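The block underneath contains the structure these notes are about, expressed in structure tokens.
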Protein chains: 2
Amino acid sequence: MSATTAEGHTLTIGEVAAATGVAASAIRFYERQGLLTSHRTSGNQRRYDEFAPCMVRICRVAQRVGLTVQEVVALFDAMPEQPTADDWQGLTDALVAEAERRIADLRRTLDDLTSDGPLCALPGVDDV
Amino acid sequence: MSATTAEGHTLTIGEVAAATGVAASAIRFYERQGLLTSHRTSGNQRRYDEFAPCMVRICRVAQRVGLTVQEVVALFDAMPEQPTADDWQGLTDALVAEAERRIADLRRTLDDLTSDGPLCALPGVDDV
DNA sequence: CTAGGACTTGAACATTGGTTGAGGTCAAGC
DNA sequence: GCTTGACCTCAACCAATGTTCAAGTCCTAG
């Protein structure tokens, strides 16, 4: 019924999908983009390691922050092959910092919008 | 040299572009989307009213907030034909509120990311 | 009145981030 | 060892948001 039972610490694409709430098609897409790597069974099916769901989750958050998938790939590429807990923490920190930066930017724009007086109000009216 | 001199309170597409820093092609796009309306000269050139640059600016901010152009169109459609200063203010307020909501959402996600302990750290390792 | 920059349309192209479907293969529970 | 759901590839498509180009027209300064 299911090619889904994990062995050791490898995950099928369906398992990663279930673990992350992301469609399998999207996961294949991420892999094509270089975000994930997998090895293949003799029958050519993908098997992911335990990091995969985590990387997918980070990617989704990063996308919400406004990063493109390619930018996330670049982040991961900057990580060592065997990332330590500190490496993951650094990644998270970088993401948070980026989010804070973008939020601050947006807030500045919004403040301008509200404080510049009308900004977008009637332009020189009174003569209607 | 220039078809750019405004008469009364109408603006050429080039003037709107200059006033907003948005490309004329984008302004035509916004008009196709229903964000802007224009009347035409006898020679079929667009002439915008004084509100146009303001609407374009609002649209850009709204897009930064995460609204689609169609959502901005809906916002404008909800406005009366002859918007008062209060109407504009209400629009701005709605936009700011939406931005605040999205920022709060994002911050919640980020807080989860940092507070859930590892979340994305080594999943059950120690045996490498 | 004319030169030439600004404008017009329509179609094609680009990018990001995927989804969908056809046609076929794998693998595991019974 | 077969059945059947999960998986595979490849190509086409989607949608939002524009940009670019060609070919032609407008309009205003001078």
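What you see is a predicted model; the values in this text were computed from it and never measured. In what follows, chains carry the letters A, B, and so on, assigned in the order in which the sequence lines appear, proteins first and then strands, with residues in each chain numbered from 1.
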Side-chain N or O of R46(B) closer than 4.0 Å to phosphate OP1/OP2 of dT8(C): yes
Non-neighbouring partners of S38(B) that pass side-chain hydrogen bond (donor to acceptor under 3.5 Å, both in side chains), sequence neighbours left out: E31(B)
On the nucleotide dA27(C), are OP1 or OP2 found under 4.0 Å from the side-chain N or O atoms that T41(A) carries? yes
Work out how much the helix from dC1(C)-dG30(D) to dC30(C)-dG1(D) bends between its end axes, five pairs an end, to the nearest 10 degrees. 10°
I need the CD-P distance between Q45(A) and dA6(D), as an integer number of Å. 12 Å
Counting only non-hydrogen atoms, which of residues 22-35 of chain A are less than 4.0 Å from DNA chain C? A23(A), S25(A), A26(A), F29(A), Y30(A)
Sorted by chain and number, sequence neighbours left out, side chain to side chain contact (heavy atoms under 4.5 Å, CB included) with L91(A) holds for I58(A), L75(A), F76(A), M79(A), W88(A)
Quick one: is Q63(B) getting a side-chain N or O under 4.0 Å of the dG18(D) phosphate, OP1 or OP2? yes
Report the nucleotide, chosen from dG18(C), dA16(D), dC8(D), that has the shortest atom-to-atom distance to any side-chain atom of T68(B). dA16(D)
Counting only side-chain nitrogens and oxygens, does T12(A) get under 4.0 Å of the OP1 or OP2 atom of dA6(D)? no
What pairs with R60(B) under side-chain hydrogen bond (donor to acceptor under 3.5 Å, both in side chains), at least two apart in sequence or on another chain? Y30(B)
Atom-to-atom span, CG of N44(A) to P of dA6(D) - whole angstrom: 19 Å
Quick one: list whatever passes side chain to side chain contact (heavy atoms under 4.5 Å, CB included) with A17(B), sequence neighbours left out. I27(B)
Atom-to-atom span, CD of Q70(A) to P of dG17(C) - whole angstrom: 8 Å
